[in-house]
*Asks:* 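Here you go, one structure.
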Protein chains: 2
Amino acid sequence: MKKPAADDQVPALSRKEEILAAAASLFRQQGFERTSVREIAQALGMTSGSLFYHFASKEDLLVMIMEEGLRAITRSVQQARDSEAQLPQRLLAMMRRHLAALLGPRLDAMSVLLYEWRSLSPAAQAKVLALRDAYEDLWTQSLQQAADQGCIDADVALVRQTLLGALNWSAQWYKPGGRLDIDTLAQRMFVMLFPRMAVSLPQSLAVA
Amino acid sequence: MKKPAADDQVPALSRKEEILAAAASLFRQQGFERTSVREIAQALGMTSGSLFYHFASKEDLLVMIMEEGLRAITRSVQQARDSEAQLPQRLLAMMRRHLAALLGPRLDAMSVLLYEWRSLSPAAQAKVLALRDAYEDLWTQSLQQAADQGCIDADVALVRQTLLGALNWSAQWYKPGGRLDIDTLAQRMFVMLFPRMAVSLPQSLAVA
DNA sequence: GTCTATACCTTGATAGAC
DNA sequence: GTCTATCAAGGTATAGAC
């Protein structure tokens, strides 16, 4: 109902999505404040005035990038949670999805999400924060189950912060095409952070 | 030789240090780009022109905040390393110092250090990066010893990134005066990340 | 060492032609 | 839907009096 769906079957990016992608890329590289609307427009072969036909303000652009990023990673991790019955496999799958969202094709949006939230007005911050809290709840649930089974530290909030900190920091150092691919990275971090769950995985990696 | 050291024995902040502290505070709260030199001057009861007597440029201010922060945390962690002979105690002490620098009185400078490096010109980035690498080497050394003893994963670089990620992320969620003080936080994270070393500590915390 | 005043530039956003 | 032209505001930095 959204579009007549013409002849082209390729899910090409709409103009709006193109703009979001270009903006996210620049925001990640230079930061939100250092990136001018003129730069964004230029990257798309437009002039700055045209941007404001698609978006109400520069902040609007930032909010949409963040919301889209959060919705995408939430959807992906939720899927992983629902697809694995066993707890160790489930947490490992969730970590994989988190890292894939962070370091894969969505790198730009996710980095912006992590490091540009101070540029949001208080009103916009509240909106984005609500989505972030919903995402973190996903982790709290599964980690709570692990804690109930005595597999991890009982302070679930602390475990979640430690885990997400380790995962998110990878955006600062991970280089695609390096010696570690994303799946391997997830597995290594899993073993490091949840050694007592790792032993019950099918193929458990040695530590030393 | 630097100053005649008059009668006052109080190590009062020099004007330059006052400016650095005020700027760091604003940079942390609002970000470097969103903070104008006028604001910084106003916070000190000056006008913007006066700032440029003390600093060559706004970026100069940022660089000095970062360098000072890095030198301080390096000195502190180095001290911890040298004061503990046993490896588990040494790593725990280093984690304590890192968290204390990050979350204590130096919170402003350290947050700026973590989250504003993109605002540096390439030349300035290189200078700061050199100091950061020296700091990280401190960790690599001690972690390598732990790896040699088979106490941790052999991929020392990965362990270091995971550890520093978990520690640094605390700047995003830790609230002073909350249920965890800094020493306790360090100990809990140590147990979580280095369970095989934790068992050889005097008073080891239970996990579940 | 700090102030006032200001030069000069870039910014986000708007209006209206096409 | 994009362009040109333009505005008002706010940015960094400088000059020179005090």
Side-chain angles (χ1 to χ4, degrees), chain A residues 2-4 6 8 12-27 29-66 112 116 118-125, chain B residues 2-6 8 12-66 112 116 118-125:
Chain A
K2 290 187 175 178
K3 267 198 179 172
D8 58 340
L13 292 178
S14 72
R15 197 72 176 135
K16 217 168 174 163
E17 291 168 323
E18 282 183 330
I19 296 173
L20 285 175
S25 169
L26 287 168
F27 289 166
Q29 293 170 55
Q30 312 183 336
F32 176 75
E33 310 285 346
R34 282 176 85 91
T35 304
S36 68
V37 292
R38 285 171 171 81
E39 272 181 291
I40 302 169
Q42 194 183 8
L44 293 151
M46 308 167 112
T47 50
S48 70
S50 308
L51 275 185
F52 291 91
Y53 169 81
H54 298 276
F55 297 93
S57 68
K58 191 188 172 189
E59 186 184 40
D60 189 29
L61 210 44
L62 179 58
V63 171
M64 291 202 179
I65 290 170
M66 291 185 164
V112 169
E116 300 298 335
R118 267 178 324 185
S119 295
L120 293 172
S121 66
Q125 244 181 64
Chain B
K2 287 186 175 178
K3 265 196 183 173
D8 58 338
L13 292 176
S14 72
R15 199 71 176 135
K16 216 165 173 167
E17 292 169 324
E18 282 183 329
I19 297 173
L20 284 176
S25 169
L26 287 168
F27 289 167
R28 176 178 71 85
Q29 293 170 56
Q30 312 181 337
F32 176 76
E33 309 287 344
R34 286 176 82 92
T35 304
S36 68
V37 291
R38 286 191 235 267
E39 272 181 291
I40 300 169
Q42 193 183 8
L44 292 153
M46 310 166 114
T47 50
S48 70
S50 309
L51 276 184
F52 291 90
Y53 169 79
H54 299 277
F55 298 93
S57 68
K58 190 186 172 190
E59 185 184 40
D60 188 28
L61 209 44
L62 179 58
V63 170
M64 290 201 180
I65 290 170
M66 291 185 164
V112 168
E116 301 296 336
R118 266 177 325 183
S119 295
L120 294 172
S121 65
Q125 246 180 64

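Chain letters run A, B, ... following the sequence lines, proteins first and then strands; every chain starts at 1.
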*Asks:* Would you kindly give the CG-to-P distance between Asp60(A) and dG12(C), to the nearest whole Å?
*Replies:*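 In whole Å, dG12(C) P lies 14 Å from Asp60(A) CG.
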
*Asks:* Across the strands shown, which category fits Ser36(B) at heavy-atom distances under 4.0 angstrom: base, sugar-phosphate, nothing?
*Replies:*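 Sugar-phosphate: the residue Ser36(B), judged by heavy atoms under 4.0 Å, touches backbone atoms but no base.
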
*Asks:* Check the phosphate of dT2(C) against Arg15(B), side-chain N and O only, distance under 4.0 Å to OP1 or OP2. Yes or no?
*Replies:*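 Yes, because at least one side-chain N or O of Arg15(B) sits under 4.0 Å from OP1 or OP2 of dT2(C).
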
*Asks:* Contact class for Ser48(B) (heavy atom, under 4.0 Å): base, sugar-phosphate, or nothing?
*Replies:*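 Ser48(B): base contact, heavy atoms under 4.0 Å.
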
*Asks:* Can you tell me how far P of dA13(D) sits from CD1 of Ile40(B), to the nearest Å?
*Replies:*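 Computing the Ile40(B):CD1 to dA13(D):P distance gives 10 Å.
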
*Asks:* Can you identify which nucleotide, out of dT2(C), dT4(C), dG12(C), has its nearest atom closest to the Thr47(B) side chain?
*Replies:*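 Looking only at side-chain atoms, Thr47(B) lies closest to dT4(C).
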
*Asks:* Taking all atoms of both residues into account, what is the closest heavy-atom pair of Leu120(A) and Met66(A), and its distance?
*Replies:*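 What the structure gives for the nearest pair is CD1-SD, 3.6 Å.
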
*Asks:* Using atom CD1 of Ile19(B) as one end and atom P of dG1(C) as the other, report the distance to the nearest whole Å.
*Replies:*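 Whole-Å distance recorded here is 11 Å.
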
*Asks:* Check this one for me: any side-chain N or O of Ser50(A) less than 4.0 Å away from OP1 or OP2 of dC3(D)?
*Replies:*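 Yes, because at least one side-chain N or O of Ser50(A) sits under 4.0 Å from OP1 or OP2 of dC3(D).
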
*Asks:* Students often get this wrong, so: under 4.0 angstrom with heavy atoms, is Arg38(B) touching a base, only sugar-phosphate, or nothing?
*Replies:*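 The residue Arg38(B) makes base contact.
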
*Asks:* Starting at atom CZ of Arg34(B), determine the distance to atom C1' of dT12(D), rounded to an integer number of angstrom.
*Replies:*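 Whole-Å distance recorded here is 18 Å.
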
*Asks:* Are any of the side-chain nitrogens in Arg118(A) or Glu33(A) under 4.0 Å away from the carboxylate oxygens of its partner?
*Replies:*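 Between Glu33(A) and Arg118(A) there is no salt bridge, as every charged N stays at least 4.0 Å from the carboxylate O atoms.
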
*Asks:* Whole Å only: how far is the CD atom of Glu18(A) from the C1' atom of dG1(D)?
*Replies:*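 Taking atom C1' of dG1(D) as the reference, CD of Glu18(A) is at 13 Å.
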
*Asks:* Using whole Å, report how far NZ of Lys58(A) lies from P of dT10(C).
*Replies:*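 That distance rounds to 15 Å.
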
*Asks:* Kindly point out which of dT2(D), dT14(C), dT14(D) is positioned nearest to the side chain of His54(A)?
*Replies:*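 The closest nucleotide is dT2(D).
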
*Asks:* Rounded to the nearest angstrom, tell me the gap between atom CG in Leu51(A) and atom C1' in dT2(D).
*Replies:*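 Roughly 11 Å, once rounded to whole Å.
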
*Asks:* Minimum heavy-atom separation for Ser57(B) and Phe52(B), please, with both atom names.
*Replies:*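 Closest heavy-atom pair between Ser57(B) and Phe52(B): CA-CE2, 4.1 Å.
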
*Asks:* What is the distance, rounded to the nearest whole Å, between atom CD of Gln42(B) and atom P of dT2(C)?
*Replies:*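 Taking CD of Gln42(B) and P of dT2(C), I get 17 Å after rounding.
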
*Asks:* Of Tyr53(B) and Ala56(A), whose closest DNA chain C nucleotide lies nearer the 5' terminus?
*Replies:*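 It is Tyr53(B) whose nearest nucleotide is closer to the 5' end.
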
*Asks:* Quick one: does any side-chain atom of Gln29(B) pair with a main-chain N or O of Ser25(B) as donor and acceptor, under 3.5 Å?
*Replies:*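 Yes; at least one donor-acceptor contact below 3.5 Å.
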
*Asks:* With rounding to the nearest 0.5 Å, note down the distance linking NZ in Lys58(A) to CG in Leu51(A).
*Replies:*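 Here the rounded value is 11.0 Å.
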
